[in-house]
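Whatever order the structure lists them in is the order used to number ligands and atoms, beginning at 1. FYI, the numbering just counts along the sequence from 1.
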Amino acid sequence: MHPKSYYIHTIGCQMNVSDSGRAALSLTALGYVPAPAIEQADLVIVNTCSVRAKAEQKAFSLLGQLAAVKARRPEMVVAVAGCVAQQEGERIRKRAPHVDLVIGTRAIHRLEALLRRLPLHPRPLVDIAMNNPPDAFAAAPPGGDAGAISRFVTIMRGCDNFCAYCVVPSVRGPETSRPPEAILNEIHGLAAAGVREVTLLGQNVNSYGVKEGNCSFAQLLEQVNAIEGLARIRFTTSHPKDLTPELIDSFARLEKLCPHIHLPVQSGSNRILARMNRRYTREHYLDNVAKLRNSCGQIAITSDIIVGFPGETGTDFEATLDLMRQVQFDSVFAFTYSDRPNTPARDLSEKIPEREKRERLQVVLALQESVTGAKNQALVGSVQAVLTEGFSKRPAAGTAQQSSRKQWTGRTPGNKIVHFLSADPSADADSIQPGRLVSVRIERALAHSLWGCLERSDASGLP
Ligand code: SAM
Ligand code: SF4
């Protein structure tokens, strides 16, 4: 008998990517194998996002396509996980009657039990319980995806911040932090299995452990920093209102902590920040940026920006552009505001027309492109410590490199993607390996990445 096969389609943030990875490991433990294509899978999991209307539409559009496959192959199990699953629950049946299984945001670790119950249960089987059993954060088996260089480690779930536009508190529940011992155990296991970089995940890592009386996030970082074998630590996301001097200082103190912070500002206008319930001001944000740069001169700062929040005037929008010019972000994710269910902003008047929102978005993206371009250009000629992730035979866009040699890919400490070749082809086999920190001289700035040449097969002496 053939083993059963699965296909997971992930939409949305790193939290979903991490949950999908965990689901894949559970399925592997159950004897499932990856399917070559979604249409051929015995089990399809669509892991969804409902943070923006577009992401939700994407999920329903994929589910629509799966209806036709399911009509041909009724034995295929269609599961919906993540934020849309949590938000819709039983209601999903109306828009997608072919769905067999609805897995809420805190039920993904119950996947095995749900699959066992499914054959005896009327469809859909829905688990959107928000309870938080002790195994809710169950560690992924180390070595489950042998060869991984970088892994996400969930340190918190949910959010208590209630930003006026955001669906996360309602679909991911109240903020809950995982005990530090469990996090450290998981990372020890990952490092022992060869993982070199971890990214600690939470909606607001700055408030890690406050409710539970655990150690602070900065203290947790310090303990992760001491784990042998690990080369790099990253984290996301950081709410500006909770950024502590202790955490800012960590960038100067902890040698494994990468000099990069994702610090979503959302708007540069105090009026809009107040309407968004962000609970900080533009001045506070700029002060944080100055302190971070004081602590760590080369720190990369990235951000999220929402344009067209209800009531955003031309003057408010100008304030956002002005803040972007002042800060000079390394990169930003920019979004047009969309109404989400069960959020206070949905009931605000003075909605901005779609066309205006799209125009504002284009202005933000153009401004950021010029800043990112200049920042990348400034790195040309420098030597960067790059954590090698793998290689591709296809040249990166814009390099037109004709070579039989492997083109390696990795990231700088500031999280910029670097494609590089070794000067000596024979070096490929010995000195460049995935997971190795190497020194790369940056030769060119590309649109979204950097191009360079291997300088040394270690990164000693580099920050
Ligand atoms: N917890 C993080 C934070 O505090 O920024 C990330 C939350 S959310 C998953 C990621 C980003 O989506 C937000 O920073 C915000 O810019 C954007 N976002 C959230 N709700 C939105 C909405 N209703 N419309 C447009 N963008 C939204
Ligand atoms: Fe959403 Fe705000 Fe929580 Fe981030 S901090 S998840 S934007 S409510």
Taking [X] first and then [Y], would you say they form a salt bridge - that is, a charged N and a carboxylate O separated by under 4.0 Å?
{"X": "Glu350", "Y": "Arg271", "value": "no"}
{"X": "Asp316", "Y": "Arg360", "value": "no"}
{"X": "Glu222", "Y": "Arg253", "value": "yes"}
{"X": "Glu56", "Y": "Arg340", "value": "yes"}
{"X": "Arg178", "Y": "Glu186", "value": "yes"}

If you measure from each heavy atom of [X] to ligand 1, is any distance below 4.0 Å?
{"X": "Thr236", "answer": "no"}
{"X": "Arg340", "answer": "yes"}
{"X": "Cys13", "answer": "no"}
{"X": "Val51", "answer": "yes"}
{"X": "Arg278", "answer": "yes"}

For [atom], what is the nearest protein heavy atom, given as residue, atom name and distance?
{"atom": "atom 23 (N) of ligand 1", "answer": "Ser338 O, 2.8 Å"}
{"atom": "atom 6 (C) of ligand 1", "answer": "Gln203 OE1, 3.8 Å"}
{"atom": "atom 11 (C) of ligand 1", "answer": "Asp304 OD2, 3.4 Å"}
{"atom": "atom 3 (C) of ligand 1", "answer": "Thr237 CG2, 3.8 Å"}
{"atom": "atom 12 (O) of ligand 1", "answer": "Arg52 NH1, 2.7 Å"}
{"atom": "atom 5 (O) of ligand 1", "answer": "Pro264 CG, 3.2 Å"}

Hey, looking at atom 6 (S) of ligand 2, which of Gln203, Arg340, Met276, Glu175 has the closest heavy atom?
Gln203

Answer with yes or no whether the side chains of [Y] and [X] bring together a donor and an acceptor at under 3.5 Å.
{"X": "Asn270", "Y": "Glu283", "value": "yes"}
{"X": "Thr199", "Y": "Gln14", "value": "no"}
{"X": "Gln266", "Y": "Tyr165", "value": "yes"}
{"X": "Asn47", "Y": "Ser20", "value": "yes"}

Determine whether any heavy atom of Arg278 lies closer than 4.0 Å to an atom of ligand 2.
yes

Positive for side chain to side chain contact (heavy atoms under 4.5 Å, CB included) with Leu230, one of Asn225, Leu190, Val198
Val198

Sub-4.0 Å atoms of ligand 2 with respect to non-hydrogen atoms of [X]:
{"X": "Pro169", "result": "8 (S)"}
{"X": "His239", "result": "5 (S)"}
{"X": "Cys166", "result": "1 (Fe), 6 (S), 7 (S), 8 (S)"}
{"X": "Tyr165", "result": "7 (S)"}
{"X": "Cys159", "result": "3 (Fe), 5 (S), 6 (S), 8 (S)"}

If we only count N/O pairs under 3.5 Å, is Gln266 in contact with ligand 1?
yes

When you measure from the side chain of Glu212 to the backbone of Pro179, do you find a donor-acceptor pair of N or O atoms at a distance under 3.5 Å?
no

Sole residue of Arg106, Arg117, Arg110 in salt bridge (Lys or Arg N to Asp or Glu O under 4.0 Å) with Asp127:
Arg110

Heavy-atom contacts under 4.0 Å between Tyr165 and ligand 1: side chain, backbone, both, or neither?
both

May I ask you to identify, for Thr336, whether its side chain, its backbone, both or neither come under 4.0 Å of ligand 1 on a heavy-atom basis?
backbone

Row check, Phe335 ring normal vs Arg52 NZ/CZ: under 6.0 Å, within 45°:
yes

N, O or S of Cys163 under 2.8 Å from atom 2 (Fe) of ligand 2:
yes

Which residue is it: Asp330, Asn415, Thr236, Thr302? I am looking for the one with a side chain to side chain donor-acceptor pair (under 3.5 Å) to His262.
Thr302

With heavy atoms under 4.0 Å as the rule, classify the contact between Phe162 and ligand 2 as side chain, backbone, both or neither.
backbone

